[in-house]
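So you know, we letter chains A, B, ... as the sequences are listed, proteins then strands, and number each from 1. Any value given below was found using the heavy atoms of this structure, including those in side chains, with hydrogens, waters and symmetry copies removed.
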2 protein chains.
Amino acid sequence: MSTLKEIAQYVGVSSASVSIYLNDNATNRISPRTKLKIDEAIKKFKYQRNMFARNLSTSKSNIIGIIFPTIVPMFMNDFTNPILSGVQSRLSANGYAMLFFPSFAGTSSEIAKRQLTASVGCDGYILFSTGFCSLQDILANVQELQNLQKPYVTLNIPELDLPINQVILKDLDSTLGIEYLLGKGFRQILLVLGREKDVHTRSMMKKIPNLLKQRGIPFDDRYVIYGNYTAEDSAKEFSRFLDMGIPVEAICCMSDIMAASITTAIKQSGLSVPEDISVMGRNNSLYSRISDPQLTTMDLHMFEAGQSAANLLFDSLAGGDAKQKVAIAGTIVERKSVPKAGRDSLASRIDHTFSLPACRRHWYSVV
Amino acid sequence: MSTLKEIAQYVGVSSASVSIYLNDNATNRISPRTKLKIDEAIKKFKYQRNMFARNLSTSKSNIIGIIFPTIVPMFMNDFTNPILSGVQSRLSANGYAMLFFPSFAGTSSEIAKRQLTASVGCDGYILFSTGFCSLQDILANVQELQNLQKPYVTLNIPELDLPINQVILKDLDSTLGIEYLLGKGFRQILLVLGREKDVHTRSMMKKIPNLLKQRGIPFDDRYVIYGNYTAEDSAKEFSRFLDMGIPVEAICCMSDIMAASITTAIKQSGLSVPEDISVMGRNNSLYSRISDPQLTTMDLHMFEAGQSAANLLFDSLAGGDAKQKVAIAGTIVERKSVPKAGRDSLASRIDHTFSLPACRRHWYSVV
DNA sequence: CATAGTATGTTAACCGGTTAATATTGGATA
DNA sequence: TATCCAATATTAACCGGTTAACATACTATG
């Protein structure tokens, strides 16, 4: 690669001249004749500017660091992909590149820490948490980010009572779905959760007993199984559940994949959905549409959450000092796996637009 | 953010000392006492090195630029996600970060060009092509990359007769699947392709007539429909096909999503899979396992292709001068949507391991 | 005591750009 | 002719690190 200096030398001007021209080719500080000569030289030497030198000089990189602590490969997750996609679409539209730091084996907090210490220089950051993060990890990561003294936004993280920019999936705890089923009159509801030890799972497990109690339903832990977000495990656990022979009217799953897998299992056992058992998924992913019957599902609006995170970051980058919290509310997408009939106490939350993200934002400033 | 210089000043040493220590904290050029003091200062000021300054100084960034020209959001694609995932897993394992450049609206070649011109400074590059790239675009992108004089690998690109590093999905044209169905004795095969104007689609359409002719089957273009890789379009086009009332024994789809959608449509029309019509998917995605019946599908081994691309890049980064071509062969994953009975001429290509990527690499050097 | 070696640092150039401040030239104007 | 201004270009500091080469003091050795 040739450098600015070489181009300047070749043309017979100072490197400042070339730089000035490159940064504003309509400048009138460089004569048309010189501009032409510079153009020629650039073409001849196939010159392109070194982005890192520019970044250093301007202390602006147009790069947003994505802190995504995971011990499994990225881009394979039905839940985080739409979020990343939302982030990417907004960042791209505003000319920002995304930098994914290496995410080796190890605990998630180690990963995040390494990612952060390697990352100084980005214009801003977006901090994800994945199922592998404990609350403690998350707080440590936030602290670490704080040190960088650059704008950042947290995403897919349980609501924190801190003056930081955060985008919250309001219905991540999925009580929305349970309430929907309760509203339909179901009483014997099987919960198919993800990994037993995840933060999100634990926080759910704290809320559910109360939720049921409010309806006069005693909590019975036999009605909770863990499908680890995989088709295989959820089918396996479900069959074990069936073997117990306890009655079930509806199933609320923490992912469409698990819901689809269980739907198949139900059909294979000779029962039918929703006549015998109702099934509810989560994510409004393609799986929910391809499943037969099509799944009624919770749409947490992840894509939009990703977009919001990027938007929040833009506010911050533009100098907005107020830290904001954006809560994205989930909606229910009614399809065929839960009968429409029945008392319906959540009408306002039901999204009849099928699949277009119907966004409901609740903005409120924190500090 | 504090800087190296500030830390050095605070400790009372030269910035070189601090730098030397940071780059090798086991160095014996710095006394234990000084090391301690530096540690304290770093902790006190929460100092972290600026990555861009380091990159500039060392002319090594540990960043790989991902050139991914697309006009739709990334990370939403069932085909490219596993490839990206494979790339990411290898890059991460070797300590490399991934930089995704902004990908605005516009033609894919514009996008790639902008991505490239903004990217000088990465240690290496991986060039994707997406459905939006024409062959001409691809060649232009390769040329552009060549100018950067850095190692790069092309991926998901039709085989090019150029001395460059390329990873090829050997069975991207999916004749593998058609041959499999032909081998089973099917004659009336409906092809469900993606977008009519994609490079890949066009290159397929060139090969298919010959393929059929070899078996004595005349090519009939009514047996080709375009599902645009979506569940909706493929269902719609398939129903239009059914309306034509021409006989069909088997369906070969260019994605599991389309196959799953069509499987549902078949069932809804009162026919059954595979008794009445066989259906074959592509990608061995989760969709193929969740579909009912589970889909027989082509596994192109995209994850592994991604890994190979990263590996090739490592070879190049390590100074390997020989340009390599890696062809990843596809395999057939037999499930339930095509009956097992029948003549089977492709036994060696059938993968009975269900879903673990059974890799078959064919290495050969080009130059 | 002279010499070599070790431990501990420092100097200064460099990576490849950007930019505020300054310089030069020539033509227009009073 | 003196003055001013526009057009064009350069100088030099700076961004925040890295590193080869050099410097100094102290210890060990013959």
side-chain N/O A:Tyr21 vs C:dT19 OP1/OP2, d < 4.0 Å: no

Integer-rounded Å distance: D:dA9 P and A:Asn28 CG: 11 Å

Worked verdict on B:Tyr47 versus B:Tyr10 for ring-ring contact (aromatic ring centres under 6.0 Å, His included): CA-CA 12 Å; B:Tyr47 169 71; B:Tyr10 179 81; over 10 Å; no

Whole angstrom value for the distance that separates C1' of D:dA25 from CD1 of B:Ile30: 16 Å

Distance below 4.0 Å between A:Ser57 side-chain N/O and C:dT18 OP1 or OP2: no

Nearest-Å distance for atom pair CD1/P, residues A:Ile42 and C:dG16: 16 Å

A:Leu56 CG - C:dC15 C1' separation (whole Å): 9 Å

N or O in side chain of B:Thr34 less than 4.0 angstrom from C:dG9 OP1/OP2: yes

Ring geometry between B:Phe100 and B:Phe75 (parallel below 30°, tilted from 30 to 60°, perpendicular above 60°): perpendicular

Closest listed nucleotide, where the reference is the side chain of B:Asn50 and the choices are C:dG16, D:dT8, D:dG16: D:dG16

Phosphate OP1/OP2 of C:dC15 contacted by B:Thr58 side-chain N/O (<4.0 Å): no

Interatomic distance, B:Gln9 CD vs C:dT10 P [rounded to whole Å]: 13 Å

Nearest-angstrom distance from the residue atom CZ of A:Arg54 to P of D:dG17: 21 Å

Length of the CZ-C1' vector between A:Phe52 and D:dC14, whole Å: 20 Å

Sugar-phosphate, base or nothing in reach of B:Ser19, heavy atoms under 4.0 Å: base

Nucleotide N/O of nucleotides 20-23 of chain D paired with protein N/O under 3.5 Å:
| residue | atom | partner | partner atom | Å |
| --- | --- | --- | --- | --- |
| D:dA21 | N6 | B:Arg29 | NH2 | 3.0 |

Earlier contact from the 5' end, DNA chain C, for B:Ser14 and A:Ser15: B:Ser14

Rounded to 10 degrees, the angle between the two terminal axes of the helix from C:dC1-D:dG30 to C:dA30-D:dT1, each from five pairs: 60°

Distance (rounded to the nearest 0.5 Å) between A:Leu160 CG and A:Leu139 CG: 6.0 Å

Distance test, side-chain N/O of B:Asn55 to OP1/OP2 of C:dC15, below 4.0 Å: no

Separation of atom NZ in B:Lys35 from atom P in C:dA7, rounded to whole Å: 12 Å

OP1 or OP2 of C:dT8 under 4.0 Å from side-chain N/O of B:Ser17: no

